[in-house]
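First the structure, in the form of structure tokens, and then the observations on it.
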Amino acid sequence: MTCMSKPPPIDEREFLKIVRNHGELCRGLRNLNLLAASSDLADHAHHVGLCWLRLALEHLEDAKAALTSRRDRSSYSRSYYAAYNASKTIRYVVEGAVSLKGDDHQRASDLPDDFPDVAKWASAITLLYEHRLRADYENWTSTRAELSLTPAETVLLAEQFIANALGYLEGKYGIKP
């Protein structure tokens, strides 16, 4: 199955507001035998999902640059946001909708059951989130000792998760960036 990705005819944020849940809307259009409209909607939704994936890749680049510059806090933070946005892509494509508010961070590890090594990646995303919180908000002497991952390990985890997300999207949905 090959899916296209094409921008919606309106701003992506407006698309999200109007469509709400693209999965439910596509099912309804198919039930009404409006297959072309359903296909177009899915293509637009994949474009929106890929916007988050591009952001994930940008955060990964930033995490690597921070690692090279020995900016550990930034490495932790950007690594998490790379994984978070890749998770948001997966959840949006599969579920049809994601929260656009801060509460979505609590769902970052809620990956689909058929995602490869789902338990491993759910745990890894949670760990990246915890490291990001400490890196962004704590400046105590003991903070560094409380971190179980090095900055390099968080960058590698984010990179591996994104690679798995790309493989999942292409294999299951035919979506490529």
Side-chain angles (χ1 to χ4, degrees), residues 3-17 19 22 42-112 115-118 120-137 147 149-177:
C3 295
M4 299 291 295
S5 166
K6 63 182 174 185
I10 56 175
D11 179 80
E12 288 94 346
R13 292 165 295 190
E14 206 50 36
F15 176 83
L16 287 164
K17 205 180 301 178
V19 171
H22 71 83
D43 291 346
H44 298 321
H46 293 158
H47 168 84
V48 170
L50 288 175
C51 288
W52 280 304
L53 188 60
R54 283 190 291 279
L55 184 56
L57 292 168
E58 185 176 326
H59 285 307
L60 182 60
E61 284 180 34
D62 291 344
K64 289 177 178 181
L67 185 63
T68 300
S69 300
R70 296 186 157 183
R71 294 186 328 268
D72 292 353
R73 289 178 182 277
S74 293
S75 293
Y76 286 122
S77 184
R78 295 303 93 191
S79 293
Y80 165 70
Y81 276 106
Y84 167 72
N85 280 289
S87 163
K88 196 163 196 143
T89 301
I90 297 294
R91 291 180 292 115
Y92 180 71
V93 168
V94 173
E95 297 171 16
V98 291
S99 175
L100 301 176
K101 300 176 182 172
D103 65 338
D104 191 62
H105 289 278
Q106 301 306 313
R107 299 220 41 235
S109 62
D110 293 345
L111 300 168
F115 191 82
D117 296 319
V118 67
K120 170 191 169 183
W121 290 116
S123 176
I125 290 170
T126 300
L127 194 56
L128 288 170
Y129 179 65
E130 292 167 359
H131 281 66
R132 194 277 300 180
L133 289 175
R134 283 200 167 101
D136 284 352
Y137 301 114
L147 298 171
L149 298 172
T150 66
E153 289 170 328
T154 62
V155 170
L156 183 60
L157 267 177
E159 187 172 42
Q160 290 171 339
F161 178 68
I162 290 171
N164 277 287
L166 286 165
Y168 177 82
L169 288 169
E170 185 174 354
K172 184 163 184 176
Y173 295 94
I175 301 173
K176 293 190 233 185

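For E153, the salt bridge (Lys or Arg N to Asp or Glu O under 4.0 Å) criterion is met by no residue, not counting sequence neighbours. Remark: R70 engages no residue in a side chain to side chain donor-acceptor pair (under 3.5 Å) (not counting sequence neighbours). Residues passing the salt bridge (Lys or Arg N to Asp or Glu O under 4.0 Å) test with R132 are D136, sequence neighbours excluded. A search for side chain to side chain contact (heavy atoms under 4.5 Å, CB included) contacts involving A163 returns nothing, not counting sequence neighbours. Take N164 and apply the side chain to side chain donor-acceptor pair (under 3.5 Å) test, not counting sequence neighbours, and it matches no residue. Residues satisfying the side chain to side chain contact (heavy atoms under 4.5 Å, CB included) criterion with L166, sequence neighbours excluded, are L53, I162, P177. Taking the salt bridge (Lys or Arg N to Asp or Glu O under 4.0 Å) definition, one finds that K6 meets it with D40, sequence neighbours left out. T89 meets the side chain to side chain donor-acceptor pair (under 3.5 Å) test with no other residue; sequence neighbours excluded. Looking at residues two or more places apart in sequence or on another chain, you find no side chain to side chain donor-acceptor pair (under 3.5 Å) involving E58. For L55, the side chain to side chain contact (heavy atoms under 4.5 Å, CB included) partners at least two apart in sequence or on another chain are H59, N85. Qualifying salt bridge (Lys or Arg N to Asp or Glu O under 4.0 Å) partners for D11, counting only residues two or more places apart in sequence or in other chains: R13.
In this structure, Y80 OH and F161 CZ are separated by 10.5 Å, a value rounded to the nearest 0.5 Å. Put simply, NE2 on H131 and OG1 on T150 are 8.5 Å apart, with the number rounded to the nearest 0.5 Å. Atom CG of L57 and atom CG of L50 lie 10.0 Å apart (nearest 0.5 Å). Atom NE2 of residue H22 and atom NE2 of residue H44 lie 12.5 Å apart, to the nearest 0.5 angstrom. Going from atom CG of L128 over to atom OG of S109 covers 11.0 Å, rounded to the nearest 0.5 Å. L157 contributes atom CG, which lies 8.5 Å from atom OG of S79 (distance to the nearest 0.5 angstrom).
Listed here is the closest heavy atom pair of P8 and V48: CG-CG2, 4.4 Å. In plain terms, the two heavy atoms of L111 and W121 that are nearest each other are CD1-CB, 3.8 Å. Across every non-hydrogen atom of V155 and L60, the tightest pair is O-CD1, 3.9 Å. The minimum heavy-atom distance linking A108 with Y84 is given by the pair CB-CD1, 3.7 Å. Residues A82 and A158 come closest through the heavy atom pair CB-CB, 4.1 Å.
The residues E14 and K17 are annotated as salt-bridged, a charged nitrogen and a carboxylate oxygen being separated by less than 4.0 angstrom.
Sorted by first and then second residue, the pairs that involve residues 79-96 and meet salt bridge (charged side-chain N to carboxylate O under 4.0 Å, His left out), not counting sequence neighbours, are K88-D104, R91-D104, E95-R107.
In terms of modelled atom types and a separation under 3.5 Å, the side chain of S99 and the main chain of K101 share a donor-acceptor contact. No side-chain donor-acceptor contact under 3.5 Å links S87 to the backbone of A83. At distances below 3.5 Å, at least one donor-acceptor pair connects side-chain atoms of S69 with backbone N or O atoms of A65. For T154 (side chain) and P151 (main-chain N/O), a donor-acceptor pair under 3.5 Å exists by modelled atom type.
Inter-residue side-chain proximity for V94 and Y168 is flagged as met; some heavy-atom pair is nearer than 4.5 Å. Annotation: side chain of P112 is in contact with side chain of I90 (closest heavy-atom distance under 4.5 Å). Looking at K172 and F115, their side chains never come closer than 4.5 Å, going by heavy atoms from C-beta outward.
Ring orientation note: the planes of W52 and Y92 are nearly perpendicular, at an angle over 60° on the 30°/60° scale. Ring planes of Y81 and H105: perpendicular class, angle over 60° (limits at 30 and 60°).
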